[in-house]
S.K.: 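One structure coming up, written as structure tokens, with questions to follow.
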Amino acid sequence: MFTGTYEPRMDAKGRVILPAKFRSQLEAGVVLTRGQEHCIYVFPSVEFDRMYTELQKASLNRPQARNYIRVMMSGADTLVPDRQGRVTLPPELRRYAGLGDELTVIGAGARAEIWNRKAWQEYLAQQEEVFANMAEEIIPGLL
């Protein structure tokens, strides 16, 4: 499980050092792809395979399913972190997420996410207020 918030920097070659806490879960390989809210999703290869199995169950008769699968899969890239725990972020995904050298990497349960640091701070500021004022049950059994 991925948890926590980290603020690494991306070097001039587009490499980022993944948080040490995440490395054992990612050392066998990662899949990077477009995420919602213009971040990059970072899945362990095994988790991405599980998610793909679920995507295959979607009805291709539904335009939303086709669109989601196209965007998700066309942005996917499989990588293996180097010995320092670095991965090179593909240029297409860097553009999609608006990444500069200052990043925020967050744990989001079954995946990690890589954000433009300023975009993450703005998103979090908005969502913390929503979270604090949540009055209805969003996730069954949680509240």
S.K.: Tell me, with the steps shown, if Val80 and Val30 meet side chain to side chain contact (heavy atoms under 4.5 Å, CB included).
M.R.: CA-CA 6 Å; Val80 176; Val30 301; over 6 Å; no
S.K.: Working to the nearest 0.5 angstrom, can you tell me the gap between Leu103 CG and Leu89 CG?
M.R.: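 The CG atom of Leu103 sits 7.0 Å away from the CG atom of Leu89.
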S.K.: May I ask you to decide if Glu7's main-chain N or O and Thr104's side chain share a donor-acceptor pair within less than 3.5 Å?
M.R.: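 The answer is no, because no donor-acceptor pair under 3.5 Å joins these two groups.
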S.K.: Please report the closest heavy-atom contact between Ser59 and Ala65, naming both atoms and the distance.
M.R.: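 Heavy atoms of Ser59 and Ala65 come nearest at O-CB, 3.4 Å.
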S.K.: Has Tyr6 got more than 12 heavy atoms of other residues, nucleotides or ligands less than 6.0 Å from its OH?
M.R.: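 Check passes, neighbour count above 12.
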S.K.: So, taking the atom named OH in Tyr52 and the one named CZ in Phe43, what distance separates them when rounded to the nearest 0.5 Å?
M.R.: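 Tyr52 atom OH to Phe43 atom CZ measures 14.5 Å (nearest 0.5 Å).
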S.K.: Any donor-acceptor pair under 3.5 Å linking the side chain of Ser45 with the backbone of Gly29?
M.R.: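 Flag set: sc Ser45 to bb Gly29 pair under 3.5 Å.
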S.K.: Are Val16 and Leu32 linked, directly or through other ILVMFWY residues, by side chains that come within less than 4.5 angstrom of each other?
M.R.: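 Linked, Val16 and Leu32 end up in one cluster.
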S.K.: Between Arg50 and Thr53, is there a side-chain heavy-atom distance shorter than 4.5 Å?
M.R.: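 No. Closest side-chain heavy atoms not under 4.5 Å.
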S.K.: Would the distance check show the side chain of Arg111 and the main-chain N or O of Glu47 forming a donor-acceptor pair, the cut-off being under 3.5 Å?
M.R.: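 Absent.
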S.K.: Taking all heavy atoms of Leu55 and all of Met72, pick out the closest pair and write down the distance.
M.R.: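 Leu55 and Met72 have their closest heavy atoms at CD1-CG, 4.3 Å.
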S.K.: Is it the case that the side chains of Glu122 and Trp120 hold a donor-acceptor pair, with the cut-off being a distance below 3.5 Å and no angle test?
M.R.: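 Result is no, nothing qualifies.
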S.K.: Measuring from Arg86:CZ to Leu79:CG, what's the distance to the nearest 0.5 Å?
M.R.: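 Result: 13.0 Å between the selected atoms.
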S.K.: So, does Arg23 use its side chain to make a donor-acceptor pair with the main chain of Gly85 at under 3.5 Å?
M.R.: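 Flag not set: sc Arg23 to bb Gly85 has no pair under 3.5 Å.
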S.K.: Indicate yes or no for a side-chain donor-acceptor contact from Glu113 to the backbone of Gly107 under 3.5 Å, with no hydrogens or angles considered.
M.R.: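 No; zero donor-acceptor contacts below 3.5 Å.
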S.K.: Identify the two heavy atoms, one from Glu27 and one from Pro81, that lie closest to each other, and give their separation to 0.1 Å.
M.R.: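 For Glu27 and Pro81, the tightest heavy-atom pair comes out as O-CD, 4.4 Å.
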S.K.: Test your reading of the model: is there a side-chain donor-acceptor pair from Asp101 to the backbone of Met10, 3.5 Å cut-off?
M.R.: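 Here the side-chain-to-backbone pair does not exist.
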S.K.: Got more than 12 heavy atoms from elsewhere within 6.0 Å of CD, Glu54?
M.R.: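 Yes, the 6.0 Å shell around CD holds more than 12 heavy atoms from other groups.
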S.K.: Hydrophobic cluster membership, with links at side-chain heavy-atom distances under 4.5 Å among I/L/V/M/F/W/Y: are Met51 and Leu60 in one?
M.R.: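 As far as the 4.5 Å side-chain criterion goes, Leu60 and Met51 are connected within one cluster.
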S.K.: How many angstroms lie between atom CZ of Phe22 and atom CD1 of Ile106, to the nearest 0.5 angstrom?
M.R.: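 Separation between the atoms: 8.5 Å.
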S.K.: Please test Ile114 against Val42 for side chain to side chain contact (heavy atoms under 4.5 Å, CB included), starting from the C-alpha separation and ending with a verdict.
M.R.: CA-CA 7 Å; Ile114 300 172; Val42 181; 3.7 Å; yes
S.K.: Does Tyr68 reach the main-chain N or O of Pro63 with its side chain, forming a donor-acceptor pair under 3.5 Å?
M.R.: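 Such a contact is absent between Tyr68 side chain and Pro63 backbone.
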S.K.: Taking Gly35's backbone N and O only, do any of them form a donor-acceptor pair with Tyr96's side chain (distance below 3.5 Å, no angle check)?
M.R.: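 Yes.
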S.K.: Could you tell me which non-hydrogen atom of Ile40 sits nearest to which non-hydrogen atom of Ala97, and how far apart they are?
M.R.: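 What the structure gives for the nearest pair is CG1-CB, 3.9 Å.
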S.K.: Closer than 3.5 angstrom, by distance alone: can the side chain of Arg34 be matched with the main-chain N or O of Val71 as a donor-acceptor pair?
M.R.: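 Pair found, side chain donor or acceptor close to backbone of Val71.
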S.K.: To check you understand the geometry: which heavy-atom pair defines the closest contact between Pro8 and Val105, and what is its length?
M.R.: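 Minimum heavy-atom separation between Pro8 and Val105: CG-CG2, 3.6 Å.
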S.K.: About how many Å separate CD of Gln126 and CD of Gln121, when rounded to the nearest 0.5 Å?
M.R.: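 Here the interatomic distance stands at 12.5 Å.
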S.K.: Nearest 0.5 angstrom please: Gln36 CD to Tyr41 OH, how far?
M.R.: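 Interatomic distance, Gln36 CD to Tyr41 OH, rounded to 0.5 Å: 3.5 Å.
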S.K.: Do Thr33 and Met73 have side chains that get closer than 4.5 Å, going by heavy atoms?
M.R.: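 No, too far: nothing below the 4.5 Å cut-off.
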S.K.: Restricting to non-hydrogen atoms, name the atom on Ala119 and the atom on Asn116 that form the minimum distance, rounded to 0.1 Å.
M.R.: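 Between these two residues, the closest heavy atoms are N-OD1, 3.0 Å.
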